[in-house]
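Numbers here are sequence positions counted from 1. Both ligands and their constituent atoms are indexed starting at 1 by order of listing.
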Amino acid sequence: MLEGMGILITGGASGIGRAAAELFVDYGARVAVADIDVASAQIAVDSIVARGGSAIALAVDTSSAQQVDLMVEQAAEWLGRIDAAFNNVGIAHPLHPIDELPLSVWQRTMDITATGTLLSMQAELRHMTKAGGGAIVNTASNSGTHGTPMLGGYGASKAAVINLTKTVAVEYASRGIRANAICPGVIDTPPIAALAAAGTDFSQIINAPMGRIGTAREVAELAAWLCSGRSSYVTGQAISIDGGQTATP
Ligand code: NAD
């Protein structure tokens, strides 16, 4: 599905991003795996290369404009061209009701999840405009479309990601660039595993009709399709992947 494509993945060292890096390579892409945890990104890359794939690890803090510009420059140089970008970095925050949400927590969440996605898209759009097109996929969340108790800062940052995605889709369609957002429900990744280990009972949080949480691989499949030419008429969408959770009344 992704034969010959060069794809940049941020937050690619763990969870959904790592599953995407592996799957995109299985589908024929070469990938640049960018992460603030470059040691783990390198482990992911080593495992891809050991299986015969083509990948490079890049260090980046996506909340820094300077580092993001360098990441896109390095990815473009190594890949030849960035055909698609999967902007997947996002952080949740400790649970707080809105009237007790510390401004420092709000600011850090917005810096990394919202501003980081904006900065990534800005650098990618400059590259893709020159290259004649591309596809951008951003990881948002159902928390960006629905109220999520105690995660108000996270939800607001993901709402920003969704709106930026739609704006980019509208502004850049004429330049051959598509932009879509993925809105996962609860997905089995290290942060969720850590919460479960700490005693969080997801059965009370999830009312997904399918009765289970999702896998990172299932989210990666949607990201792969949105990066690929198979979704050539899809842009400006925020697509939930949640076992039907947001379809319930
Ligand atoms: P994860 O923690 O396994 O992976 C996130 C990766 O992002 C990590 O490798 C981390 O080092 C990296 N990262 C964090 N801050 C960074 C920064 N400033 N610069 C560069 N890299 C940075 O988490 P995950 O569960 O795979 O989440 C991936 C995305 O999916 C996030 O945007 C998250 O908000 C979103 N999401 C996850 C779930 C879920 O249930 N797991 C649900 C909805 C949305």
Side-chain angles (χ1 to χ4, degrees), residues 8-23 32-45 57-72 74-75 85-93 107-121 123 136-146 148 151 153-162 164-165 181-197 200 202 205-206 208 212-220 222-223 226 238-243 245-246:
L8 168 63
I9 301 161
T10 72
S14 174
I16 293 167
R18 179 164 179 174
E22 288 166 359
L23 188 69
V33 180
D35 205 286
I36 200 166
D37 179 357
V38 73
S40 295
Q42 190 60 55
I43 290 169
V45 162
L58 299 174
V60 70
D61 175 349
T62 53
S63 64
S64 154
Q66 200 187 358
Q67 291 188 35
V68 166
D69 287 352
L70 183 63
M71 166 188 75
V72 167
Q74 289 172 329
F86 182 30
N87 299 313
N88 169 69
V89 170
I91 54 160
H93 57 71
Q107 198 57 61
R108 179 173 146 76
T109 307
M110 294 304 281
D111 284 351
I112 293 177
T113 305
T115 309
T117 304
L118 169 68
L119 294 172
S120 300
M121 286 204 288
I136 291 176
V137 179
N138 296 321
T139 304
S141 168
N142 281 345
S143 296
T145 53
H146 292 64
T148 307
L151 279 173
Y154 177 70
S157 72
K158 292 299 193 181
V161 169
I162 291 169
L164 281 167
T165 305
I182 290 177
C183 298
V186 181
I187 308 299
D188 187 8
T189 62
I192 297 297
L195 286 174
T200 304
F202 286 105
I205 297 172
I206 313 165
R212 64 171 177 87
I213 64 174
T215 67
R217 166 88 183 208
E218 288 173 316
V219 181
L222 178 56
L226 288 170
I239 303 176
S240 285
I241 174 162
D242 61 1
Q245 186 173 0
T246 45

**Q** For Asn138 and Thr117, test the side chains for any donor-to-acceptor distance below 3.5 angstrom and give the result as yes or no.
**A**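 The criterion, which ignores hydrogens and geometry beyond distance, is not satisfied for Thr117 and Asn138.
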**Q** For side chain to side chain contact (heavy atoms under 4.5 Å, CB included), just list the numbers for His93 and Leu151, CA-CA rounded to whole Å, side-chain angles, deciding distance to a tenth of an Å, and then say yes or no.
**A** CA-CA 7 Å; His93 57 71; Leu151 279 173; 3.9 Å; yes
**Q** So, for Asp242 and Asn142, which heavy atoms are closest and what is the spacing to 0.1 Å?
**A**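 Answer, listing the atom of Asp242 first, then Asn142: OD2-ND2, 2.9 Å.
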**Q** What pairs with Asp111 under side-chain hydrogen bond (donor to acceptor under 3.5 Å, both in side chains), at least two apart in sequence or on another chain?
**A**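 Residues passing side-chain hydrogen bond (donor to acceptor under 3.5 Å, both in side chains) with Asp111: Gln107.
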**Q** Which pair of heavy atoms, one from Ala216 and one from Ala19, lies closest together, and at what distance?
**A**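 Answer, listing the atom of Ala216 first, then Ala19: CB-CB, 3.7 Å.
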**Q** For ligand 1, what are the residues with a heavy-atom contact below 4.0 Å?
**A**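 Ligand 1 is contacted, at a heavy-atom distance under 4.0 Å, by Gly11, Ala13, Ser14, Gly15, Ile16, Asp35, Ile36, Asp37, Val60, Asp61, Thr62, Asn88, Val89, Gly90, Ile112, Thr139, Ala140, Ser141, Tyr154, Lys158, Pro184, Gly185, Val186, Ile187, Thr189, Pro190, Pro191, Ile192.
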**Q** So, for Ser157 and Thr113, which heavy atoms are closest and what is the spacing to 0.1 Å?
**A**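 What the structure gives for the nearest pair is OG-CG2, 3.3 Å.
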